[in-house]
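See below for the structure under consideration.
Below, read A as the first sequence line, B as the second, and so on, with proteins coming before strands; counting in each chain starts at 1.
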Amino acid sequence: MSENVRVRIAPSPSGNLHVGTARTALFNYLFAKKHGGKFILRIEDTDLERSSNEYIKNIFDSLKALGLNWDEGPDVGGQYGPYSQSERFDMYPQYAQKLLDAGYAYECFCTPEELEIEKETATQNKQAYVYSKKCVELSDEEKAARRAKGEVPAIRFNVSKTQKAFHPTSELAFNDLVKGELKQDTDLIGDFVIMKSNGTPTYNFAVVIDDMLMKISHIIRGEDHISNTFKQLLIYEGLGTQVPEFGHLGMILAPDRSKLSKRHGATAVSDFVEQGYLTEALVNFIALLGWSPSDGQEIKSVDEIAADFRIGDVSSSNSIFEYDKLNWMNSQYIKQLDIETLKDALRPYLTQYDLGFLTDAQYTRMVEITREPLTILSDITNDVPYFFGEGVEIELEVQSEVLSTETSQKVLREFASQAQDWEFTEENLHEKLDAFRTQFKEQGIKPKETMWAIRGAVTGRTRGADITAVLTILGKEKTLKRVTSSLA
RNA sequence: GCUCCCAUCGUCUAGAGGCCUAGGACAACACCCUUUCACGGUGUAGACAGGGAUUCGAAUUCCCUUGGGAGUACCA
């Protein structure tokens with residue numbers, strides 16, 4: 001299948017790129033890479049009301065950030081364009097006409113009110129709603145008369161007729177790439193509209209025509225499309241064109257097993273990026289929802305995953321999006337970042353501080369000593385306030401439980417006097433502080449307490465980065481000033 | 001309501017009849033390391049939804065129940 005593999009992702013720009021869509025895009029991308037095929041981006045912007053350029057840009061940016069670059073699309077073009085559905089409106093009527101001519105579709109003049117009544121009786125009888133087909137046998141005279149009255153028909157697909165033409169029974173089945181054989185009784189599928197009375201195609205029709213014209217070979221999408229697949233299968237057959245392969249992925253659910261929505265927090269790729277997740281970590285994590293590496297090594301680049309990817313190995317069940325593992329994975333990716341990249345990546349989260357306060361060397365050192373506990377990049381914001389400004393804000397608890405004690409005061413007094421003569425380099429400070437601790441240890445004061453007093457006075461906290469490096473970055477003057485102001 | 005899909009530790013998963021007294025990862029817990037927090041290391045605990053059937057033998061096959069998800073538009 002190698003040269004002919006063509007897959008696509010077809011988001012509708014009615015919102016920012018959702019992680020669910022991102023995962024579908026990823027699996028399509030992996031499938032294309034694995035088989036040396038093409039990955040195509042098509043924007044389904046037929047719902048002009050809800051579509052916007054801002055969302056289109058967000059989709060482009062997010063996909064690129066995840067490393068899912070497309071071979072054909074609205075921006076890069078390709079030989080099967082245009083790649084925005086709104087520019088393809090004139091392509092659909094001819095195929096609807098073809099279906100009409102073959103008898104696989106017919107005009108329907110039913111009003112919304114009539115349809116509503118049909119639906120109501122169906123629900124009352126606890127039956128599945130299936131369109132009555134009342135317009136299927138309309139004579140040419142009747143249709144002409146209705147038109148004369150100003151009625152405009154929609155075009156419906158004749159399900160049973162198409163089914164009979166291509167299959168012995170009313171059962172329609174196909175072999176799904178991830179779920180295996182899937183079947184449906186087509187008697188339960190009503191004759192659905194393919195062209196609305198306003199002349200635009202419905203989703204199910206447009207998708208088939210687009211996929212056919214773009215020569216899409218494999219359609220990998222969410223399992224919420226399974227019921228659409230049966231309708232689309234029939235359209236392909238009615239059109240007499242080659243039917244692509246289908247693969248349906250389980251859904252991504254929120255921890256409460258409901259659909260992942262805004263009320264659960266971040267849903268768009270760009271939301272995660274804003275929060276300080278690395279796209280490399282995000283895409284890696286998302287790949288693990290439904291797929292697992294054959295060697296057990298979970299941290300992998302998209303390229304490595306592609307080499308190991310087999311669509312048949314993808315899990316057919318839903319999976320829950322839990323932050324725990326994503327967080328861990330993000331921290332792993334942060335650890336792998338080289339220092340210059342990290343320094344830049346962190347800047348957006350440090351805007352509230354005056355970075356000019358530190359030299360580049362000091363900023364570098366600060367990042368080096370504060371990077372370790374970072375789960376997401378934005379964690380840095382609350383970890384570094386004491387590096388900036390002359391004074392420091394002391395946490396209430398630190399003041400009452402650490403700095404106010406007799407022991408701490410003693411330590412700080414001694415520190416204030418001794419440190420006057422110290423040279424504030426990390427190497428020297430390390431040595432001096434070691435001796436300093438020992439000195440107090442002999443008086444029965446634990447090293448931990450000694451260091452807490454100093455840390456508390458200088459950073460206002462009891463926890464944080466390596467204190468020797470902190471003092472060095474601050475320098476003697478600021479350190480002593482802060483220590484002195486903590487003396488009672 | 002009707003139709004379809006799914007069902008292994010809390011979560012993501014390995015497992016395609018004997019290799020399973022079910023393996024890994026995250027989270028949890030304990031201990032170690034340590035001038036704090038953390039990182040790291042070593043351990044502990046934790047699952048085949050329930051019931052039938054097939055078989056010498058079932059997490060793996062079939063059926064039912066239960067639970068969860070999806071679809072049911074002249075939306076996409």
Within the structure shown, what part of the strands sits under 4.0 Å from [X] by heavy-atom distance: base, sugar-phosphate, or nothing?
X: A/Asp466; result: base
X: A/Thr468; result: base
X: A/Ser12; result: sugar-phosphate
X: A/Gly464; result: base
X: A/Leu182; result: sugar-phosphate
X: A/Glu116; result: nothing
X: A/Asn125; result: nothing
X: A/Lys126; result: sugar-phosphate
X: A/Lys335; result: sugar-phosphate
X: A/Ser319; result: sugar-phosphate
X: A/Gly190; result: nothing

Take atom [atom1] in [N] and the same atom in [M], then report the distance between them in whole Å.
N: B/G69; M: B/C31; atom1: P; result: 40 Å
N: B/G52; M: B/A16; atom1: C1'; result: 23 Å
N: B/A49; M: B/G68; atom1: C1'; result: 11 Å
N: B/C56; M: B/U44; atom1: C1'; result: 37 Å
N: B/C29; M: B/C39; atom1: P; result: 12 Å
N: B/G40; M: B/G46; atom1: P; result: 25 Å
N: B/A27; M: B/A38; atom1: P; result: 13 Å
N: B/C19; M: B/A58; atom1: C1'; result: 15 Å

Base partner of [N], which must satisfy Watson-Crick or wobble distances under 3.5 Å:
N: B/A14; value: none
N: B/U55; value: none
N: B/A30; value: B/U42
N: B/U66; value: B/A7
N: B/A22; value: none
N: B/G1; value: B/U72

Item checked: Position toward the 5' end of RNA chain B (nearest nucleotide), A/Ile467 or A/Thr46 ->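 That would be A/Ile467.
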Item checked: Of A/Pro153 and A/Ile226, the one whose closest RNA chain B nucleotide lies more 5' -> A/Ile226
Looking at [X], I'd like to know whether one of its side-chain N or O atoms comes within less than 4.0 Å of OP1 or OP2 on [N].
X: A/Arg371; N: B/A38; result: no
X: A/Arg156; N: B/C74; result: yes
X: A/Lys441; N: B/U35; result: no

Mind calculating the distance between [atom1] ([X]) and [atom2] ([N]) to the nearest angstrom?
X: A/Asn318; N: B/U8; atom1: CG; atom2: P; result: 11 Å
X: A/Trp291; N: B/C12; atom1: CH2; atom2: P; result: 17 Å
X: A/Arg310; N: B/U13; atom1: CZ; atom2: C1'; result: 15 Å
X: A/Gln332; N: B/C26; atom1: CD; atom2: P; result: 8 Å
X: A/Leu288; N: B/U11; atom1: CG; atom2: P; result: 16 Å
X: A/Glu171; N: B/C4; atom1: CD; atom2: C1'; result: 13 Å
X: A/Lys259; N: B/G71; atom1: NZ; atom2: C1'; result: 11 Å
X: A/Phe230; N: B/A70; atom1: CZ; atom2: C1'; result: 13 Å

Could [X] and [Y] be called an ion pair, given the rule that one side-chain N must be under 4.0 Å from one carboxylate O?
X: A/Arg156; Y: A/Glu107; value: no
X: A/Arg263; Y: A/Asp256; value: yes
X: A/Lys300; Y: A/Asp308; value: no
X: A/Arg310; Y: A/Asp313; value: yes
X: A/Asp191; Y: A/Lys231; value: no
X: A/Lys476; Y: A/Glu423; value: no

Note to self: Whether the side chain of A/Asn284 engages the backbone of A/Glu298 through a donor-acceptor N/O pair (distance < 3.5 Å, no angle test) should be reported.
What the structure shows: yes
Note to self: For a side-chain contact (heavy atoms from CB on, under 4.5 Å) check, start with the C-alpha distance between A/Ile219 and A/Glu245, then their side-chain angles and the critical distance, and finish with the verdict.
What the structure shows: CA-CA 6 Å; A/Ile219 297 176; A/Glu245 299 274 330; over 6 Å; no
Note to self: Using a distance-only criterion (donor-acceptor N/O pair, under 3.5 Å, no hydrogens), is the base of B/C4 paired with the side chain of A/Ser227?
What the structure shows: no
Heavy atoms from C-beta onward define the side chain here; which of [options] lies closest to that of [X]?
X: A/Glu298; options: B/A25, B/A76, B/A7; value: B/A25
X: A/Ala128; options: B/C2, B/A38, B/A25; value: B/C2
X: A/Arg437; options: B/G69, B/A76, B/U35; value: B/U35
X: A/Asp324; options: B/C26, B/U35, B/C12; value: B/C26
X: A/Glu372; options: B/A38, B/A76, B/G40; value: B/A38
X: A/Ile320; options: B/G69, B/U11, B/A76; value: B/U11
X: A/Trp452; options: B/U36, B/C26, B/C6; value: B/U36
X: A/Asp224; options: B/A70, B/C26, B/C12; value: B/A70
X: A/Ala154; options: B/A76, B/C74, B/A7; value: B/C74
X: A/Arg455; options: B/C74, B/U36, B/U3; value: B/U36

Notebook entry, point to check: Counting only heavy atoms not in A/Glu393, do more than 12 sit closer than 6.0 Å to its CD atom?
Noted result: no
Next item on the list: Write down the atom of A/Asp210, the atom of A/Tyr92, and the distance for their closest heavy-atom approach.
Entry: OD1-OH, 2.8 Å
